[in-house]
Structure formats: C-alpha cells, structure tokens
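The structure under discussion appears below in the form of structure tokens.
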Amino acid sequence: MTAIAARWRCALVAAAVAITMCHAPAATAQSAAPSFFAGKQINLICGAAVGGGYDALARLLARHLGRHIPGNPTVIVQNMPAAGSLAATNLIANTAPKDGLTISLIQRGMLLTRLINPSAVRFDLDKLNWIGSLSSEVGLAFAWYTSAHKTAKDLFEKELIVGGHTGVDPELTPRLYNAVLGTKFKIVTGYNGTADIGLAIERGEVEGIGDWSWSSLKKQKPDWIRDRKITLLLQSGLQNDPELPNVPNALEFAKTDSDRRVIELYLTQKKVARPLIAPPGVPPERLAMLRTAVAALANDAAFLADAEKSGLEADPISGAAVDDVVALIAATPPDIAERYAKAFAAPSPAQ
C-alpha cells in the first residue's frame with residue numbers, strides 16, 4: 001500500500017467520525033442563531049456550465065438544502081463556469097459577502113490548480129471554508145464505437161482524438177496520462193463542458209473523451225451505454241468502481257513509484273469530487289449550520305430519492321472529510337508536486 005493510499009484510509013476513518021459528530025451538535029448550532037437565515041436567500045454559485053453533472057447536482061442541492069438550515073432559506077443557482085471554476089473560486093475567496101448567504105459548488109480541479117496555474121489563483125485552500133462534497137467520482141476514458149480503439153492498450157499505440165474543456169478533467173486527465181503514462185491522446189480544447197463534448201462526439205468532430213464522470217455519463221448519455229455506442233477504455237479513481245469490473249484503472253499502467261504517486265495525487269481530488277465552499281470569514285455558527293445541513297443530506301430520504309429520480313449519484317461527504325483531503329494534498333512531497341506541475345507545463349496536443 002502506498003503512502004497516499006494509507007493516509008487516505010486514515011482520512012476515511014476520520015471522515016466517518018466527523019460525519020457522526022456533525023449531527024450531534026446540530027441543535028446547539030441551530031439554537032445559536034436560529035433566525036439569521038429566515039426569510040433570506042442563499043446564492044449557490046455553480047462553477048460549471050448549465051447541463052452538466054455539476055449543474056444537475058447544484059440544482060438538486062438547491063431543492064433540499066434549505067430544509068436543513070434553521071429558518072429554511074431559499075436557495076437559487078447561478079452558473080459561473082469560466083476557467084473551470086477558477087472565476088467562481090476566486091470570487092468566493094475575495095469579493096463574495098462573508099455572511100453565509102453566498103456559497104459555491106466548484107469543480108474538483110481547484111484543489112490542485114495552484115500547482116499548474118499559480119499566477120491565476122487568488123485563493124489559499126486552507127483559508128476557504130469547505131462545507132462538504134456532494135459525491136465522490138470515478139472518471140472514464142472512452143471512444144466512440146466507430147473508433148479503432150477497443151482496449152486500454154490501444155491508447156498507448158495509436159492516437160485518440162478527444163474533446164477537452166480547458167482546465168477541467170476532460171483536458172487535464174489525458175494531458176497528465178500523456179506526460180506520465182505515455183498515452184497518445186490528441187486533445188481538441190475549447191468545448192464548454194461535457195455536454196458540448198458529447199455533441200462533438202456524435203457529430204464526429206472528435207473520437208471520444210479522456211475523462212467523463214461515470215455518474216454523469218449514466219445520467220446524460222444512458223443510450224450510449226445501453227446501445228454500446230462507446231467503448232470504455234480506462235477508469236480514473238483511487239479505487240475501481242464496482243460497476244466497472246472489466247475496465248482497467250489508470251494506476252495499473254504506472255511504470256515507477258514516482259509515476260504512481262503523481263497519478264494518485266491527481267486522483268485524490270476525485271474523492272471529494274463535488275466540493276462546496278464558503279468565503280473566509282463566515283461567522284463560525286453560520287458555517288456550522290451549513291456544514292451540518294450538507295452532512296444531513298446523506299440521510300435525507302427525500303434528497304436521496306430525488307437524486308435517484310434525477311439519475312444522479314449523491315453521497316454527501318462532511319466538511320471535515322474535505323478538510324482531510326485538503327491537508328493530504330498540502331502534504332504532498334515537493335518532488336511529486338514539482339513533477340505534477342511539469343506534466344502540465346507543455347501545451348496540450350491539439351488540432
């Protein structure tokens with residue numbers, strides 16, 4: 001077991017304890033300022049485009065979160081997809097009101113973006129308030145059925161043209177695999193999310209994608225799976241998805257311990273794949289209410305039923321568990337962080 005894997009197991013244990021404890025002080029937190037949120041509106045900024053998995057989860061959250069917050073505020077969603085959530089995260093960190101009424105669902109790439117794009121980052125991970133995460137994820141690389149790519153081995157032997165969304169998994173994952181594992185993805189960037197990439201695949205503009213969340217794929221393109229319009233080539237996650245027993249994991253193709261640790265660093269963020277943040281400086285009692293509300297959704301029958309009806313996989317994770325992941329990333333050895341950054345230093349292969 002690698003050091004990251006061992007530390008992650010410890011983090012999972014700590015997260016389980018944190019979720020349990022999160023429910024215990026709920027009455028105290030709610031009684032501290034029970035009326036602040038009454039009659040108010042929470043603005044939930046979704047750092048992704050309309051129509052994708054993040055957007056669907058943001059709207060699911062908006063329908064249920066207010067029931068678990070004292071005063072039952074309404075929650076509305078505003079989309080700010082620019083730069084893969086960088087605009088939304090910078091806003092939350094610097095200019096958003098610090099009253100607890102502005103929060104954001106950001107794309108997981110923000111957890112590691114400082115390593116590859118430091119000049120654009122105007123936030124510190126440890127200064128953001130992590131409210132929780134709506135799910136973990138496993139990503140998939142796949143090819144359209146007309147492609148010559150039928151197995152993961154083909155990714156190392158012939159070029160696969162894939163659609164990319166700058167600064168987000170569909171672009172970052174194949175770039176990293178090219179640099180570290182030696183795959184031959186050719187990335188066409190400029191698409192505005194997986195919905196757009198899906199259209200490009202159907203139109204024949206590209207042959208597939210380097211990373212699409214399995215849970216989102218099942219919701220957005222169930223016919224592709226049912227009708228075998230795609231060939232699943234590679235999964236990306238610290239653990240394999242039990243629904244994908246025959247799809248190899250990218251970690252299996254790491255040739256050295258250093259390769260594996262770089263890939264593990266990248267995949268760690270998928271454990272808190274749909275993170276929620278609040279600005280620094282939110283009053284502690286209000287932050288506690290928000291964190292308790294998100295943790296409560298894990299046992300909310302109405303929320304879980306709505307998620308299932310909507311074709312979404314939601315398994316809320318506590319803010320304390322996200323804190324553990326942030327600490328794990330912060331503790332990355334310098335040599336691994338440097339190699340990770342270098343993997344993204346060269347321009348991505350594109351048409």
Side-chain angles (χ1 to χ4, degrees), residues 1-16 18-19 54 84-85 89 105-118 121 123-126 128 130-141 167-177 179-181 210-211 213-215 234-241 249-254 256-277 313 315-344:
M1 181 183 297
T2 66
I4 286 183
R7 283 183 290 172
W8 179 247
R9 285 196 174 185
C10 292
L12 286 179
V13 173
I19 290 174
Y54 284 92
S85 291
T89 310
L105 175 64
I106 60 172
Q107 300 193 50
R108 52 189 165 271
M110 293 300 97
L111 287 159
L112 290 166
T113 194
R114 182 177 290 278
L115 295 179
I116 60 177
N117 191 16
V121 173
F123 61 86
D124 293 321
L125 290 181
D126 59 354
L128 293 170
W130 299 90
I131 303 171
S133 175
L134 295 182
S135 70
S136 299
E137 291 289 353
V138 167
L140 279 173
V168 188
D169 290 10
E171 183 221 4
L172 295 179
T173 302
R175 284 184 67 183
L176 183 67
Y177 291 170
V180 177
L181 302 180
D211 194 341
S213 292
W214 175 230
S215 64
L234 199 64
Q235 61 179 300
S236 303
L238 288 179
Q239 291 85 33
N240 288 353
D241 191 292
N249 193 301
L251 288 168
E252 297 173 27
F253 297 92
T256 68
D257 182 62
S258 178
D259 290 347
R260 185 177 182 88
R261 293 178 73 186
V262 170
I263 300 299
E264 282 180 332
L265 172 62
Y266 178 72
L267 297 181
T268 295
Q269 63 188 327
K270 288 183 179 288
K271 279 295 182 180
V272 289
R274 315 288 188 169
L276 288 154
I277 58 172
E313 291 189 6
D315 184 18
I317 298 165
S318 74
V322 183
D323 287 342
D324 289 339
V325 174
V326 171
L328 195 62
I329 289 172
T332 300
D335 61 317
I336 300 301
E338 182 179 0
R339 188 167 178 219
Y340 180 88
K342 285 183 177 179
F344 295 102

Euclidean distance, [Y] [atom2] relative to [X] [atom1], rounded to 0.5 Å:
{"X": "Ile329", "Y": "Thr268", "atom1": "CD1", "atom2": "OG1", "value": "6.0 Å"}
{"X": "Leu234", "Y": "Leu181", "atom1": "CG", "atom2": "CG", "value": "8.0 Å"}
{"X": "Leu238", "Y": "Ile263", "atom1": "CG", "atom2": "CD1", "value": "11.0 Å"}
{"X": "Leu267", "Y": "Asn249", "atom1": "CG", "atom2": "CG", "value": "7.0 Å"}
{"X": "Glu137", "Y": "Asp241", "atom1": "CD", "atom2": "CG", "value": "9.5 Å"}
{"X": "Ile317", "Y": "Arg274", "atom1": "CD1", "atom2": "CZ", "value": "11.0 Å"}

Looking at every non-hydrogen atom in both residues, tell me the closest pair between [X] and [Y] and how far apart they are.
{"X": "Leu125", "Y": "Leu111", "result": "CD1-O, 3.2 Å"}
{"X": "Asp259", "Y": "Ala254", "result": "CB-CB, 3.9 Å"}
{"X": "Glu171", "Y": "Gly167", "result": "OE1-N, 2.6 Å"}
{"X": "Ser136", "Y": "Ala273", "result": "C-CB, 4.0 Å"}
{"X": "Ser133", "Y": "Pro275", "result": "OG-N, 3.9 Å"}
{"X": "Leu265", "Y": "Ile336", "result": "CD2-CG2, 4.3 Å"}

Looking at [X] and [Y], would you say the former's side chain and the latter's main chain have a donor-acceptor pair under 3.5 Å?
{"X": "Asp323", "Y": "Trp130", "value": "no"}
{"X": "Gln107", "Y": "Val168", "value": "no"}
{"X": "Thr89", "Y": "Ser85", "value": "yes"}

Would a 4.5 Å heavy-atom cut-off, applied to side chains only, mark [X] and [Y] as touching?
{"X": "Tyr266", "Y": "Leu115", "value": "no"}
{"X": "Val322", "Y": "Ile277", "value": "no"}
{"X": "Glu264", "Y": "Leu251", "value": "yes"}

Quiz item: Is there a donor-acceptor contact under 3.5 Å linking the side chains of Lys271 and Gln239?
Solution: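 Indeed, the side chains of Lys271 and Gln239 share at least one donor-acceptor pair under 3.5 Å.
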Quiz item: Cut-off 3.5 Å, side chains only: do Arg261 and Tyr340 have a donor facing an acceptor?
Solution: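 Side-chain D/A pair, Arg261 to Tyr340: absent.
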Quiz prompt | Member of Arg175, Arg339, Arg260 meeting the side-chain contact (heavy atoms from CB on, under 4.5 Å) criterion with Val180 | solution =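 Option passing the side-chain contact (heavy atoms from CB on, under 4.5 Å) with Val180: Arg339.
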Quiz prompt | Contacts of type salt bridge (charged side-chain N to carboxylate O under 4.0 Å, His left out), residue Asp315, not counting sequence neighbours | solution =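 Partners of Asp315 by the salt bridge (charged side-chain N to carboxylate O under 4.0 Å, His left out) criterion come out as none, since no residue qualifies.
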Self-check item: Residues Leu128, Val326; criterion side-chain contact (heavy atoms from CB on, under 4.5 Å); working and verdict
Solution: CA-CA 10 Å; Leu128 293 170; Val326 171; over 6 Å; no
